[in-house]
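What follows is a single structure, written as structure tokens, with notes after it.
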Amino acid sequence: MRPLGWLRGLFLTVLLAGQGAIGIDLNVNDPESLKSAAALSASIMMDYYNARESRDIPGKLDGTWWEGGAIFMTLIQYWYFTGDTTYNAAVSEGMYWQKGKDNDYFPSNYSNYLGNDDQMFWGLAAMTAAELNYTENAGEPSWLALAQGVFNTQVPRWDPDNCHGGMRWQIWPYQAGYDIKNAVSNGGLFQLAARLAVYTGNQTYADWAEKIWDWSMSTPLIKNQTWTVADTVSTENQCADSGDIQWTYNYGIYLFGAAYMYKFTNQTVPKWKIGMEGLMNATWREFYPQQYGGNIVTDFSCEIPKNCDGNQVLFKGFLSAWLAFLTTLQPETKDIIMPKLQGSAVGAAKQCSGGNDGKHCGSRWYQDTWDGTSGIGQQMAALAVFASNLVTEKTQAPLTSNTGGTSQSDPSAGTGTDQSSPAQLSKISTGDRAGAGILTGVFLTGWIGALTWMIRGG
Ligand SMILES: *[C@@H]1O[C@H](CO)[C@@H](O)[C@H](O)[C@H]1NC(C)=O
Ligand SMILES: *[C@@H]1O[C@H](CO)[C@@H](O)[C@H](O)[C@H]1NC(C)=O
Ligand SMILES: *[C@@H]1O[C@H](CO)[C@@H](O)[C@H](O)[C@H]1NC(C)=O
Ligand SMILES: *[C@@H]1O[C@H](CO)[C@@H](O)[C@H](O)[C@H]1NC(C)=O
Ligand SMILES: *[C@@H]1O[C@H](CO)[C@@H](O)[C@H](O)[C@H]1NC(C)=O
Ligand SMILES: *[C@@H]1O[C@H](CO)[C@@H](O)[C@H](O)[C@H]1NC(C)=O
């Protein structure tokens, strides 16, 4: 933020004190009002993007890599709902820049530190681009092929040796979190597989989606009585216990995937309907507190203790966008979903009353006055919920190859010969794992080259 002269600062403070209670004046029933709220949130989000230290590297945000994919996914949805092409050049530049040598969003600059979920958000962004007919540049792989590249690199990481299956959170044994199998990594591959199945009609993707779902249900990650979604299980005790902290995106990622599977099976398989409805019921119960009217989403796990980090402020933006598109897949859900999107947008609009300009968004949408926080993530979540409300104007389901989607399929995308292909890791022996633990010390002293060589060689 630019420093202000004290007088100007004082003036603005007085001015904004009056504005503070107003925020964005939003009418959720007026598409133009929603569009202008979304445009303002997007513009401030891109101010952050353009001011980042790593601005020489398209798509790379400071201190985080995955969030670039998340932001582009949201901007693609924004373009789709509003027709505003202002940010398309930046989106395309970043989406292609970060695609990696093998077209799998596993670029070698960062791949030594990435988790499956990090890679997945870029894959879901590419899938979104394919489904929404987002422009493809000549000479580049198709959006569909890039999504398939992510699928193809993740599937070999499936780990049947621990907990009878599941995706680990971290890919590399030297990363903290390698022992964890988490909801967002498994739910992410589940959702991508389900969407690829619907887009391409290829049964192999549906088989994988079902396998990941069944495995998740066989662990405490998804409890089929209450439909609560845990955050993590651990290979240390064969996934018997779970880390139960509650996050909106964990529910959304499975819920949206289940809706695709219900569509893929032509609404004939009860399992997907029950899963979809059960997860929706649990989502309302957990994240839309009755004390605020029951329609405003909150990631209460961090919002109540006021310690949301830069990742966590994004989560309810993803849930909101997935709920919006869910109404296009299963229109009978519209009556229950739209009030939740509208209530949340009204709450978010009140939060967009902060910062130097009185327009930056905070995060606690249930609170009437600006919560004092601001950042690129707060902007993304607000943008997502404003744009999502425009789904009433765009009710067509995401495209498939049968309904006009033209993104070219490449079933073998991402299976290049890059030596860092983590497929090798799924066969790593216990001895290698212990070795990698010891190598962590070497890693920390900065022998990165030696480490990657040894891991790749092993
Ligand atoms: C990788 O790092 C180099 C050096 O900083 C940079 O020029 C390049 O753009 C980066 N590539 C990606 C995909 O981030
Ligand atoms: C529900 O979970 C229980 C306990 O894990 C399991 O035995 C049962 O088969 C599950 N039912 C369904 C429909 O998945
Ligand atoms: C769904 O319906 C379509 C069109 O009738 C058909 O081609 C497809 O095989 C069906 N899929 C399943 C899983 O039943
Ligand atoms: C979801 O809630 C509705 C309404 O309360 C109920 O009818 C339905 O049985 C619930 N579905 C599941 C799978 O829990
Ligand atoms: C996709 O976009 C192209 C222009 O980029 C357009 O010609 C085509 O009609 C669109 N397809 C659909 C199904 O909207
Ligand atoms: C379906 O997907 C699988 C897995 O990627 C691939 O091996 C197969 O060739 C695909 N089939 C078709 C007809 O594209």
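Whatever order the structure lists them in is the order used to number ligands and atoms, beginning at 1.
Among all non-hydrogen protein atoms, the one lying nearest atom 9 (O) of ligand 1 is W97 NE1, 3.0 Å. Shortest contact from atom 11 (N) of ligand 5 to any protein heavy atom: N133 ND2, 2.9 Å. Scanning the protein heavy atoms around atom 5 (O) of ligand 1, the nearest turns out to be I57 CD1, 4.1 Å. Looking at atom 4 (C) of ligand 1, its nearest protein heavy atom turns out to be N109 ND2, 4.6 Å.
Looking at R168 and D159, a side-chain N of the basic residue comes within less than 4.0 Å of a carboxylate O on the acidic one, giving a salt bridge. For E393 and K35, the salt-bridge test fails: no basic side-chain N is under 4.0 Å from an acidic carboxylate O.
The ligand atoms of ligand 6 that sit less than 4.0 angstrom from a heavy atom of T204 are 1 (C), 2 (O), 3 (C), 4 (C). Near Y110, the atoms of ligand 1 lying under 4.0 angstrom from a non-hydrogen atom of the residue are 12 (C), 14 (O). The atoms of ligand 5 that sit less than 4.0 Å from any heavy atom of G404 are 13 (C).
By the neighbour-count criterion of 12 heavy atoms within 6.0 Å, atom CH2 of W169 is sparsely surrounded, having that number or fewer from other residues, nucleotides or ligands.
A heavy-atom separation below 4.0 Å is not found between K60 and ligand 1.
Which of L196, N202, N152 comes nearest to atom 10 (C) of ligand 6 through a heavy atom is settled by distance: it is N202.
Within 4.0 Å of atom 14 (O) of ligand 5, at least one protein heavy atom is present. Contact annotation for atom 7 (O) of ligand 1: protein absent (non-hydrogen atoms, distance under 4.0 Å). Remark: atom 2 (O) of ligand 5 lies closer than 4.0 Å to at least one protein heavy atom.
Under the 30°/60° scheme for interplanar angles, the aromatic rings of H360 and Y48 are found to stand perpendicular. Under the 30°/60° scheme for interplanar angles, the aromatic rings of W158 and W215 are found to stand perpendicular. The aromatic rings of F106 and W172 sit parallel, their planes meeting at an angle under 30°, below the 60° perpendicular limit. Ring orientation note: the planes of W208 and F151 are nearly perpendicular, at an angle over 60° on the 30°/60° scale.
In this structure, Y199 and S407 have side chains that are in contact, with non-hydrogen atoms separated by less than 4.5 Å.
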